[in-house]
Amino acid sequence: MRLIRTSLRAPRGATLVATLVALVIGSIAITLVARAAVAALATEARLARLARLRDDPGDALETIAHRLRDSSPRDGDLLQADGAVLALRARIGTGLVCAQARDTLLLAAGDDAAPWRDAWERAPRAGDVLRTSHDSGRAQSALRRVDAIDQPCAPGARAWSLRARWRVVTADTLPALAIGHAVRVAARERWTLHRGADNAWALGQATWDAALGTWATPQPLVAPMRSPAAGGFRVTAHDSTGAPLPLARLADATLVTLVAHADDAAAPDTMRIHVGAP
């Protein structure tokens, strides 16, 4: 009597499909894990940076100095620089013009070759200032309105993969700007001492809330600091001769001196920053 043998092997096609499904699931899992790892590393780096700032006033002064070096007092970027208060317009990003119609511009964040492509601190918003240089000189205007968009940047004009990210309306009509023209956007911020939740003095940063017409709650960066009366934070603007400047003459500033004194430090951290960048 002949025995009939049966095979339990799955058809070849079914095996291939199962393998492909497993590969796809594995790829998705790897991608999710990688994204989670990148997010965790970014969070850790941000917390480490804040921790360093809280431990070292010198790091906080370097952060302020970076913003001051990119400021232009003659364009009104120094709003206040005396006593224990520094208020200025700091650049939040540089974009490219995709299109212009009178007081309305479409802006892209930048192209792949631009060093500022991913350097935006945040999206522009009403109350920020848009500034640019052109053939006739320099121009700037406050932003009255900002809308987030997503559309091709100057379609047909260039072989760009750029996308227009914002439609901005300026308070003043700017000169005609060519497609691809770079513009800078600056926002008001203030650095000063304030009382923290633990009642200790802290050096913090506050941004301007244009909708409310006031400064937002400051974010503490370095604590504990000495009180304002004890010289915890001091700011002085100087002209080209080194003489201190009053508020009315901050447009003439060429140098700013910053002093920060931590509560437990024997000596203060001092930094002198040359300003007046174009």
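Just so you know, these numbers come straight off a predicted model, no measurement behind them.
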Visitor: Just by modelled atom types, is the Leu86 backbone N or O under 3.5 Å from a matching donor or acceptor in the Gln80 side chain?
Guide: no
Visitor: Roughly how far, to the nearest 0.5 Å, is the CG atom of Leu130 from the CG atom of Leu105?
Guide: 6.5 Å
Visitor: Main chain of Asp77, side chain of Asp75: is a donor-acceptor contact present, judged purely on distance under 3.5 Å?
Guide: no
Visitor: Could you check whether any side-chain N or O of His181 sits under 3.5 Å from a backbone N or O of Ser133, counting only pairs where one atom can act as donor and the other as acceptor?
Guide: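 At least one qualifying donor-acceptor pair exists.
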Visitor: Looking at Gln151 and Leu106, would you say the former's side chain and the latter's main chain have a donor-acceptor pair under 3.5 Å?
Guide: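 Not at all, since once roles are kept as given, no pair shorter than 3.5 Å links the two residues.
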Visitor: Relative to each other, are the rings of Trp208 and Trp215 parallel, tilted or perpendicular (30° and 60° limits)?
Guide: perpendicular
Visitor: Are Leu221 and Met271 connected into the same hydrophobic cluster when the rule is that any two of I, L, V, M, F, W, Y join if their side-chain heavy atoms are below 4.5 Å apart?
Guide: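 Hydrophobic grouping puts Met271 with Leu221.
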Visitor: With side chain to side chain donor-acceptor pair (under 3.5 Å) as the test, would you mind laying out the steps for Thr254 and His274 before giving the verdict?
Guide: CA-CA 6 Å; Thr254 61; His274 290 279; 5.9 Å; no
Visitor: Just so I know, are the side chains of Val129 and Val185 near enough to count as touching, which here means a heavy-atom distance under 4.5 Å?
Guide: no
Visitor: Working to the nearest 0.5 angstrom, can you tell me the gap between Ile273 CD1 and Thr257 OG1?
Guide: 7.0 Å
Visitor: Taking all non-hydrogen atoms of both residues, which atom of Ile92 and which atom of Ala187 are closest, and how far apart?
Guide: CG2-CB, 3.8 Å
Visitor: Side chains of Arg144 and Val168: closer than 4.5 Å at any heavy-atom pair?
Guide: no
Visitor: In the structure I gave you, are the side-chain heavy atoms of Leu258 and Leu68 within less than 4.5 Å of one another anywhere?
Guide: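 Yes. Closest side-chain heavy atoms under 4.5 Å.
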Visitor: Run the side chain to side chain contact (heavy atoms under 4.5 Å, CB included) check on Val183 and Val97 step by step: do they pass?
Guide: CA-CA 7 Å; Val183 296; Val97 175; 3.9 Å; yes
Visitor: Within the supplied structure, the quantity of interest is the number of heavy atoms (other residues, nucleotides, ligands) at a distance under 6.0 Å from Arg145 CZ; does it exceed 12?
Guide: no
Visitor: Determine, stepwise, if the pair Met225 / Asp263 fulfils side chain to side chain contact (heavy atoms under 4.5 Å, CB included).
Guide: CA-CA 4 Å; Met225 301 291 293; Asp263 191 45; 5.8 Å; no
Visitor: On a heavy-atom basis, which atom in Ala210 and which in Gly127 lie closest, and how many Å separate them?
Guide: CB-CA, 3.8 Å
Visitor: Under 3.5 Å, side chain of Thr236 to main-chain N/O of Pro244, donor-acceptor pair present?
Guide: no
Visitor: Check the pair Arg190, Val85 against side chain to side chain contact (heavy atoms under 4.5 Å, CB included), reporting the backbone distance first and the verdict last.
Guide: CA-CA 7 Å; Arg190 182 172 67 175; Val85 179; 3.7 Å; yes
Visitor: Gln205 and Glu189: side-chain donor and acceptor closer than 3.5 Å?
Guide: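 Side chains of Gln205 and Glu189: pair found under 3.5 Å.
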Visitor: Hey, are Arg67 and Glu62 close enough for a salt bridge, meaning a charged N less than 4.0 Å from a carboxylate O?
Guide: no
Visitor: Evaluate side chain to side chain contact (heavy atoms under 4.5 Å, CB included) for Leu174 paired with Asp103, printing each intermediate quantity in order.
Guide: CA-CA 6 Å; Leu174 297 173; Asp103 60 354; over 6 Å; no
Visitor: Of the options Leu78, Leu88, Ile64, which is the one that meets Val256 in a side chain to side chain contact (heavy atoms under 4.5 Å, CB included)?
Guide: Leu78
Visitor: Measuring only between side-chain heavy atoms, which start at C-beta, is Arg272 closer than 4.5 Å to Leu255?
Guide: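 Yes, at least one pair of side-chain atoms sits under 4.5 Å.
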Visitor: Taking all atoms of both residues into account, what is the closest heavy-atom pair of Leu79 and Leu247, and its distance?
Guide: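 In this case the closest contact between Leu79 and Leu247 is O-CD2, 4.4 Å.
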Visitor: Return the minimal non-hydrogen interatomic distance between Ala60 and Leu203, and the atom names on each side.
Guide: CB-CD2, 4.3 Å
Visitor: From Phe233 CZ over to Trp191 CH2, what is the distance, rounded to the nearest 0.5 angstrom?
Guide: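 Rounded to the nearest 0.5 Å, the CZ-CH2 separation comes to 8.5 Å.
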Visitor: Using modelled atom types only, decide if a donor and an acceptor are shared between the side chain of Arg226 and the backbone of Pro268 within a distance under 3.5 Å.
Guide: no
Visitor: Do any N or O atoms from the side chain of Asp239 and from the backbone of Ala243 form a donor-acceptor pair under 3.5 angstrom?
Guide: yes
Visitor: How long is the span from the CZ atom in Arg138 to the OG1 atom in Thr132, to the nearest 0.5 Å?
Guide: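 Going from the CZ atom of Arg138 to the OG1 atom of Thr132 covers 9.5 Å.
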Visitor: Whether Asp128 and Arg188 form a salt bridge (side-chain N of Lys/Arg under 4.0 Å from carboxylate O of Asp/Glu) is what I want to check.
Guide: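 Answer for the salt bridge query: no.
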Visitor: Using side chain to side chain donor-acceptor pair (under 3.5 Å), reason through Asp172 and Ser141 one step at a time and then give a plain yes or no.
Guide: CA-CA 6 Å; Asp172 309 289; Ser141 179; 3.1 Å; yes
Visitor: Nearest 0.5 Å please: distance from the CZ atom of Arg102 over to the OG1 atom of Thr173.
Guide: 5.0 Å
Visitor: Looking only at heavy atoms, what is the nearest atom pair of Thr94 and Ala182, with distance?
Guide: CG2-CB, 4.3 Å
Visitor: Listed by chain and number, what are the salt bridge (Lys or Arg N to Asp or Glu O under 4.0 Å) partners of Asp82, not counting sequence neighbours?
Guide: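 Residues passing salt bridge (Lys or Arg N to Asp or Glu O under 4.0 Å) with Asp82: none at all.
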Visitor: At their closest point, which heavy atom of Arg165 faces which heavy atom of Ala109, and how far apart are they?
Guide: NH1-CB, 3.2 Å
Visitor: Among all residues two or more places apart in sequence or in another chain, which pass the side-chain contact (heavy atoms from CB on, under 4.5 Å) test with Ala186?
Guide: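 Here the qualifying residues are Arg89.
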Visitor: Is it true that a side-chain atom of Thr63 and a backbone atom of Asp59 form a donor plus acceptor pair closer than 3.5 Å?
Guide: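 Flag set: sc Thr63 to bb Asp59 pair under 3.5 Å.
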Visitor: Could you grab the distance from atom SG of Cys98 to atom CD1 of Ile149, nearest 0.5 Å is fine?
Guide: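 Rounded to the nearest 0.5 Å, the SG-CD1 separation comes out at 7.5 Å.
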Visitor: Which residues pass the salt bridge (Lys or Arg N to Asp or Glu O under 4.0 Å) test with Asp150, not counting sequence neighbours?
Guide: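 Arg163.
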